[in-house]
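Contents: one structure, followed by commentary.
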Amino acid sequence: MTDAPDVPNVIDGAAVAGPDGRLRCPWALSTEDYVAYHDEEWGRPVHGDEALYERLSLEAFQSGLSWITILRRRPGFRAAFAGFHIEKVAAFTDEDRERLLADPGIIRNRAKIDATMANARVLAEWAPGELDALIWSHAPEPGTYPAPKTIADVQAVTPESTALSKALKKRGLRFIGPTTAYALMQACGLVNDHLETCVARKTP
């Protein structure tokens, strides 16, 4: 599991019963913040250029960090980056960069901030729906991968995520390697990596 790595110490890595008795992926029970994200967001299809730009940006900020760090700061990121409205971020200036570098509500990493701004400038030149179409064209065919039974069965990189990373980089986007691309695919429902017995495994 690449998108939410804070997995509790579960011996077999199988789904775990929560307080409500329902089985969930182990990482979903590592903190209360994860339960709603796991049940209502992670693995459900996300469409729309700006929604996907937000996810792409947050996955880039997550690189090297725990996803919970990003999830808890998501409101701050949205406020700092104008709701991830592509044209608005594309118009950010050097003054905005300095504002972001001083903003305690986000991860103040210059390279990631610069990449988020640069990606918006690239995407502002794309046709409406083009980012959505490019990302979703890399979704594997249903049934390509069996439902994971344990955390150990969840991949970190796939041929599809490697191809997606290459396609995005070729079009000028930054900070999106194969592992980050797969985390994006997991989070946005291109793949369903909920464990086989997880309550959220059902098709969204």
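Below, all heavy atoms of this structure are taken into account, side chains as well, without hydrogens, waters or symmetry copies.
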Would you find a donor on one side and an acceptor on the other, under 3.5 Å apart, between the side chain of D103 and the backbone of L100?
no
Between the CD1 atom in I135 and the CD atom in E130, the distance rounded to the nearest 0.5 Å is 11.5 Å
Just so I know, are the side chains of I113 and I106 near enough to count as touching, which here means a heavy-atom distance under 4.5 Å?
yes
Applying salt bridge (Lys or Arg N to Asp or Glu O under 4.0 Å) to E41 and not counting sequence neighbours gives R55, R74
Nearest atoms (heavy-atom pairs only) where L52 meets V46:
CD2-O, 3.7 Å
When rounded to the nearest 0.5 angstrom, what is the spacing between CD in E160 and CE in M185?
5.5 Å
Contact between T179 and V157 at the side-chain level, heavy atoms closer than 4.5 Å - yes or no?
yes
Below 4.5 Å, heavy atoms only, C-beta onward: do T69 and F61 meet side chain to side chain?
no
Does any N or O in the side chain of R121 come within less than 3.5 Å of the main-chain N or O of F92, such that one atom is a donor and the other an acceptor?
no
Donor-acceptor pair, side chain of D114 and main chain of A111, under 3.5 angstrom:
no
Pairing residues for D20 by the salt bridge (Lys or Arg N to Asp or Glu O under 4.0 Å) criterion, not counting sequence neighbours:
R22, R24
By side-chain contact (heavy atoms from CB on, under 4.5 Å) - contacts of A36 (at least two apart)
E40
Write down the atom of R174, the atom of A118, and the distance for their closest heavy-atom approach.
NH1-CB, 3.2 Å
When rounded to the nearest 0.5 angstrom, what is the spacing between OG in S30 and NE2 in H38?
10.5 Å
Whether E59 side chain and T180 backbone form a donor-acceptor pair below 3.5 Å:
no
Has D49 got a side-chain atom pairing as donor or acceptor with D132's backbone, closer than 3.5 angstrom?
yes
Under a 3.5 Å threshold, yes or no: a donor from one side chain and an acceptor from the other, between N119 and T116?
no
Please report the closest heavy-atom contact between A82 and K88, naming both atoms and the distance.
CB-CB, 3.9 Å
Could you tell me whether W27 and W42 have their ring centroids closer than 6.0 angstrom?
yes
So which atom in P178 and which in T162 form the shortest heavy-atom distance, rounded to 0.1 Å?
CB-OG1, 3.8 Å
What is the ring orientation for F84 with Y53, classed by angle as parallel under 30°, tilted 30 to 60°, or perpendicular over 60°?
perpendicular
Check side-chain contact (heavy atoms from CB on, under 4.5 Å) between A181 and all other residues, then give those that pass, not counting sequence neighbours.
S161, L164, S165, I176
Below 4.5 Å, heavy atoms only, C-beta onward: do H85 and E50 meet side chain to side chain?
yes
For L134 versus A167, what's the shortest heavy-atom pair and its separation?
CD2-CB, 4.1 Å
I want to check something: taking the side chain as every heavy atom from C-beta on, are D153 and L195 in contact at a cut-off of under 4.5 Å?
no
Return the minimal non-hydrogen interatomic distance between G13 and P26, and the atom names on each side.
O-CG, 3.8 Å
Do the side chain of K112 and the main chain of S63 share a donor and acceptor less than 3.5 angstrom apart?
yes
Is the backbone N or O of A80 less than 3.5 Å from a side-chain atom of R99, with the two atoms forming a donor-acceptor pair by type?
yes
Tell me whether the count of non-hydrogen atoms from other residues, nucleotides or ligands lying under 6.0 Å of CD in E98 goes above 12.
yes
Between CZ of F81 and CG of L58, what distance do you get to the nearest 0.5 Å?
9.0 Å
Would you compute the distance between atom OG1 of T197 and atom CG of L23 and round it to the nearest 0.5 angstrom?
5.0 Å
Can you tell me if D193 uses its side chain to pair, donor with acceptor, with the backbone of P148 under 3.5 Å?
no
Do I107 and R73 have side chains that approach each other closer than 4.5 Å (heavy atoms only, starting at C-beta)?
yes
Is there a path of hydrophobic side-chain contacts, each under 4.5 Å between heavy atoms of I/L/V/M/F/W/Y residues, joining I70 to L101?
yes
Any side-chain heavy-atom pair from T158 and P140 closer than 4.5 angstrom?
no
V154 vs Q186 side-chain heavy atoms within contact, under 4.5 Å
yes
Can you list the residues that meet the salt bridge (Lys or Arg N to Asp or Glu O under 4.0 Å) rule with R108, with sequence neighbours excluded?
none
Rounded to the nearest 0.5 Å, what's the gap from CZ on F77 to CD on E54? Could you check?
10.0 Å
How far apart are the C-alpha atoms of D96 and V89, what are their side-chain angles, what is the distance that settles it, and do they pass the side chain to side chain contact (heavy atoms under 4.5 Å, CB included) test?
CA-CA 9 Å; D96 288 299; V89 180; over 6 Å; no
In short, ring-ring contact (aromatic ring centres under 6.0 Å, His included) pairs touching residues 113-159 with sequence neighbours left out are H47-W136
